[in-house]
Asks: 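Have a look at the structure that comes next, please.
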Amino acid sequence: MNVHFTSFLTFPFLITPVAFDWLFCVFSSQGRNLLDILLVKIYISIQINPTMPYANLIQPGDNPDLTKERKTASFNLWKMQCFVYEGEEVVKRRKEILEFVQSTPEFNDEIPAEFLSREEVVDRGARKAVVMTNKADAIDTSDFFGEGMYYQSLVIGRDLHSMSLHYIMFMPTIQGQSDDDQMDEWMGPTAARAFLGTFAQTELGHGSNLTKLEATATYDPKTEEFVLHTPTLTATKWWPGGLGKSCNVAVVMAQLYTNGQCKGPHPFFVPLRDPETHMPMKGVTLGDIGPKFGINGSDNGFLIFDHYRIPRRNMFMRFSKVLPDGTYVAPPHAKLGFGTMVFVRSIMIKDQATQLGAAAVIGIRYSAVRRQGEINEGAGEVQVIDYRTQQFRLLPQLARAFAFLFAAYEIKTLYLNVTEQIGTGNMDLLAELHAVSSGLKAVVSWETAQGVEQLRLACGGHGYSRASAFPDIYTYAVGGCTYEGENIVMLLQVARFLMKCAKEVRIGNAKLADIGAYIAKTDSGKSHIRSWRQCSDEDIIHDFEAVARRMIFASYDRLKSFETTMTKKEAWNKCSIDLCKTARMHVKLYLVKVFLRRVGTCQDAACKKVMHTLATLYAFDLISGAAGYFMKGGFMSELQSETVQSDLYEMLEVLRPESVALADSWDMSDLELRSVLGRRDGNVYPALLEWAKKSQLNRTEVLPTFAKYLGPMMKEGRSNL
């Protein structure tokens, strides 16, 4: 056998580390000189290097259409992945964590979760959560935002488990709200999983309106205890994850009463179940609330107190306190609790971005594999992604996913900065950060839900199957529209902040941080938008700032006008629709700024060019959808608006050859995607058939329903012929 070096130039993706040793021996046996052997060694080492485009992603047997798409990319995939995930080390760690999970037998599931009962899903989730945390040394446990979320997604999938809120809400509250002695008492057992905690705030009758929570914690100075009580049916705690059957302690938010006065909602550390028997404590009634739209691996629960007593020191006392005699000590700053909420929302925003990203990856890959219809008669069926309407469904959603991901990074960084500032007594940025994180939670979760559904529709009938992952992505993501604050309430919180800023600007004493500084600016009065190829980032930001600012002051003036004839609350309600729209524009401005700013940091020219086009597509798509606001008062001309629309279509065409590679830049393995339609290899149809064969209904050829119902019916029907 005579092996030629040039034969591997044609199919470099066939070379693997195992093949390298074989090739070295073959070339040596053929008497090749040392230079030839070294050239081959260098070439092969380059091909198996993950920094090369599509190393290990294009493999023999892949769908040829998907392979063709991957080869058309103008940028280096590894470099783009490193940009998306903020560095080479992060991408390497993702691959190491993936390899660890795939090589751990306890994480392997023969039966897909789609074919399990709820009891089986809960059981599997609890088992894997214990193994996952037992083996937590595989990740950097201090990096929940990055490695923690990724590790959990690989092990658990699109679901929560009995320990989810223990880490997401319970532990951060221990860290953020405990004084030194409480930290010493509770943090060790929390980290060791000596007990499992949840966060019980929402009630049957109240959610976002925390000031009206009904559960009470009344201080008894004689015994130095708080008496927790559920005075009404609607005061029942409802929804906390893990509360139903798994957790045995909780952070409970309740109205604090001391010395006959209500001091508002405060958090308390509350044991719920006996640590040995797991039976509820006397005075505590709790259970599971039943099946939900999604996330059924979590035993969300209800909780009722009947004059249940806990020690005084079980009130979290880092900021506010109740002394033994019942004296209440107020916190030094009313908004100190905002920090934890901002952190949780940064996690939510990243999680939502990842779900939309996964949906976009599935939609784009499947659209490259699926062939349907002819554009030119007789030329054969085309890839669905060649249709402009399909590109319009797919690429703006992909752009949104990147915008949301980069915003999550930004919010996390701002949170860390603000945490440092709080330590020095500086609260300047806290209110703005809380406002924008609230707005991002609302906008990102809503647009993710819409985007996932649009991407499902783009996949036709197969998108309706749970094999596609779309039903699970949607039911998992859409919960974000209501948990951690209902979206309209969140937007109105943002609007309240914006109205306060507008008032301060008008009277001349505004002290705005970077996020809201634009509110005090003045603009040229006309749009700067030109053709997308000539338009600068500054032009785009100028226009978004101008429109957002105009909407803010228009809403402010309308609100003040109504306040002259009615109460402030009535006026607020009267303006609430416009206030929500104003808040959304403020958030979208922030998203555009962050996207463009993030792209500006990209060091690779090819990656930067493609990603900048995607960022511009995102901005122009937002302008197109809000054309009425941009054209209002003649700010943007009709010609400019038409240019935005035509440029949007042109950018779809420019990005079409890059689309699969951009999807691949999310670095989502088949394990993370959990989608037959979005498989790396593109071999969708054989995989769909194999997935269907795992259905529980296929365990037997004839179901009992035939003998019980259908068979007798058909027999009777035949007898009547």
Side-chain angles (χ1 to χ4, degrees), residues 65-66 68-75 80 84 356-357 359-376 381-405 447-448 450-460 463 529-535 537 539-540 543 588 591-592 595-596 599 606-627 630 639-666 678:
D65 283 333
L66 207 55
K68 178 199 70 174
E69 294 292 334
R70 286 174 170 143
K71 290 182 177 181
T72 64
S74 65
F75 58 86
M80 185 66 89
V84 168
L356 183 57
V361 171
I362 296 165
I364 288 171
R365 285 181 177 174
Y366 180 62
S367 296
V369 168
R370 180 78 168 179
R371 287 182 173 271
Q372 200 79 38
E374 294 181 338
I375 293 177
N376 296 311
E381 289 197 302
V382 299
Q383 295 164 274
V384 175
I385 200 170
D386 285 334
Y387 291 106
R388 184 61 54 85
T389 50
Q390 190 76 349
Q391 296 162 16
F392 190 56
R393 277 176 152 177
L394 300 171
L395 294 175
Q397 302 304 336
L398 178 68
R400 280 188 179 87
F402 281 118
F404 299 164
L405 180 66
E447 293 197 355
T448 293
Q450 288 184 307
V452 171
E453 176 63 1
Q454 188 62 232
L455 290 159
R456 180 189 72 81
L457 293 170
C459 290
I529 293 290
R530 295 166 290 168
S531 165
W532 74 277
R533 295 183 185 276
Q534 301 173 326
C535 194
D537 293 354
D539 291 334
I540 294 172
D543 278 23
K588 290 176 181 180
L591 286 164
V592 168
F595 201 165
L596 291 171
V599 171
C607 292
K608 187 174 186 177
K609 180 180 179 182
V610 173
M611 191 57 76
H612 189 268
T613 303
L614 195 66
T616 307
L617 174 78
Y618 174 69
F620 275 42
D621 187 48
L622 290 179
I623 294 171
S624 175
F630 279 82
L639 178 60
Q640 285 175 303
S641 179
E642 290 174 354
T643 299
V644 166
Q645 197 65 58
S646 60
D647 282 357
L648 184 58
Y649 300 152
E650 184 180 335
M651 282 185 275
L652 294 175
E653 187 173 348
V654 169
L655 289 168
R656 159 67 183 86
E658 317 283 0
S659 55
V660 169
L662 281 168
D664 290 340
S665 69
W666 282 88

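On a predicted model such as this, the values are computed, not experimentally measured, just so you know. The chain is numbered in sequence order, starting from 1.
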Asks: If the threshold is 4.0 Å, N to carboxylate O, is there a salt bridge linking Asp664 and Arg365?
Replies: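 Yes, charged N to carboxylate O under 4.0 Å.
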Asks: What's the shortest heavy-atom distance between Ser659 and Ile364, and which atoms?
Replies: O-CG2, 3.7 Å
Asks: Specify the closest pair of heavy atoms between Val361 and Ala663, including all atoms of both residues, with the distance to one decimal.
Replies: CG2-O, 3.3 Å
Asks: Search all heavy atoms of Ile385 against all heavy atoms of Gln391 and return the closest pair with its distance.
Replies: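 For Ile385 and Gln391, the tightest heavy-atom pair comes out as O-NE2, 3.1 Å.
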Asks: Any chance you could measure Asp621, atom CG, to Leu395, atom CG, to the nearest 0.5 Å?
Replies: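 Here the interatomic distance stands at 10.5 Å.
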Asks: If the condition is ring-ring contact (aromatic ring centres under 6.0 Å, His included), which residues does Phe620 pass it with, not counting sequence neighbours?
Replies: none
Asks: Taking atom CG of Leu662 and atom CE of Met80, what is their separation to the nearest 0.5 Å?
Replies: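 CE of Met80 is found 5.5 Å from CG of Leu662.
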Asks: Could you list the residues that satisfy side chain to side chain contact (heavy atoms under 4.5 Å, CB included) with Cys459, not counting sequence neighbours?
Replies: Tyr366, Phe470, Leu677
Asks: Of all heavy-atom pairs between Ser367 and Ala458, which one has the smallest distance, and what is that distance?
Replies: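 Answer, listing the atom of Ser367 first, then Ala458: OG-O, 4.5 Å.
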Asks: Please work out which of the three classes, parallel, tilted or perpendicular, describes the rings of Tyr618 and Phe404, given edges at 30° and 60°.
Replies: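 Correct class here is perpendicular.
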Asks: Just wondering, do Phe75 and Lys608 contact through their side chains at under 4.5 Å, heavy atoms?
Replies: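 No - every pair of side-chain heavy atoms lies 4.5 Å or more apart.
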Asks: I want to check something: taking the side chain as every heavy atom from C-beta on, are His612 and Asp537 in contact at a cut-off of under 4.5 Å?
Replies: yes
Asks: Is it true that a side-chain atom of Gln397 and a backbone atom of Leu356 form a donor plus acceptor pair closer than 3.5 Å?
Replies: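 Not at all, since once roles are kept as given, no pair shorter than 3.5 Å links the two residues.
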Asks: Taking the side chain as C-beta and beyond, is there a heavy-atom pair between Trp532 and Leu617 under 4.5 Å?
Replies: no
Asks: Hey, does Val592 have a side-chain heavy atom less than 4.5 Å from the side chain of Leu596?
Replies: yes
Asks: Residues in ring-ring contact (aromatic ring centres under 6.0 Å, His included) with Phe402, at least two apart?
Replies: Trp666
Asks: Taking side chain to side chain contact (heavy atoms under 4.5 Å, CB included) as the test, write out the residues that go with Glu374, two or more places apart.
Replies: Glu377
Asks: Within the 3.5 Å criterion, strictly below it, is a donor on Tyr649 or Glu653 matched to an acceptor on the partner's side chain?
Replies: no
Asks: Please find the pair of heavy atoms, one from Phe595 and one from Met611, that lie closest to each other, and give the distance.
Replies: CE2-SD, 4.0 Å
Asks: Atom OG1 of Thr643 and atom CD1 of Ile623: how far apart are they, to the nearest 0.5 Å?
Replies: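 Going from the OG1 atom of Thr643 to the CD1 atom of Ile623 covers 11.5 Å.
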Asks: Quick one: OG on Ser646 to CE on Met651, what's the gap to the nearest 0.5 Å?
Replies: 9.0 Å
Asks: How many angstroms lie between atom CG of Asp386 and atom CZ of Arg371, to the nearest 0.5 angstrom?
Replies: 7.5 Å
Asks: Any chance you could measure Phe392, atom CZ, to Leu648, atom CG, to the nearest 0.5 Å?
Replies: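 Atom-to-atom, Phe392:CZ and Leu648:CG are 5.5 Å apart.
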Asks: Closest approach of Ser624 and Gln645, non-hydrogen atoms and distance?
Replies: OG-OE1, 2.6 Å
Asks: Mind checking what makes side chain to side chain contact (heavy atoms under 4.5 Å, CB included) contact with Ser74, not counting sequence neighbours?
Replies: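 Partners of Ser74 under the side chain to side chain contact (heavy atoms under 4.5 Å, CB included) test: Val610, Glu658.
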Asks: With heavy-atom distances below 4.5 Å as the criterion, would you say the side chains of Thr448 and Arg400 are in contact?
Replies: no
Asks: Using the side-chain contact (heavy atoms from CB on, under 4.5 Å) rule, take Arg533 and Val654 through it: C-alpha gap first, then chi angles, then the decisive distance, then the call.
Replies: CA-CA 12 Å; Arg533 295 183 185 276; Val654 169; 3.8 Å; yes
Asks: For Gln383, check side chain to side chain donor-acceptor pair (under 3.5 Å) against everything at least two apart and list the hits.
Replies: Lys68, Glu69
Asks: Can you check whether Lys588 reaches Glu447 side chain to side chain, under 4.5 Å on heavy atoms?
Replies: yes
Asks: In a check of side chain to side chain contact (heavy atoms under 4.5 Å, CB included) between Leu394 and each of Leu455, Leu655, Leu652, which one passes?
Replies: Leu455
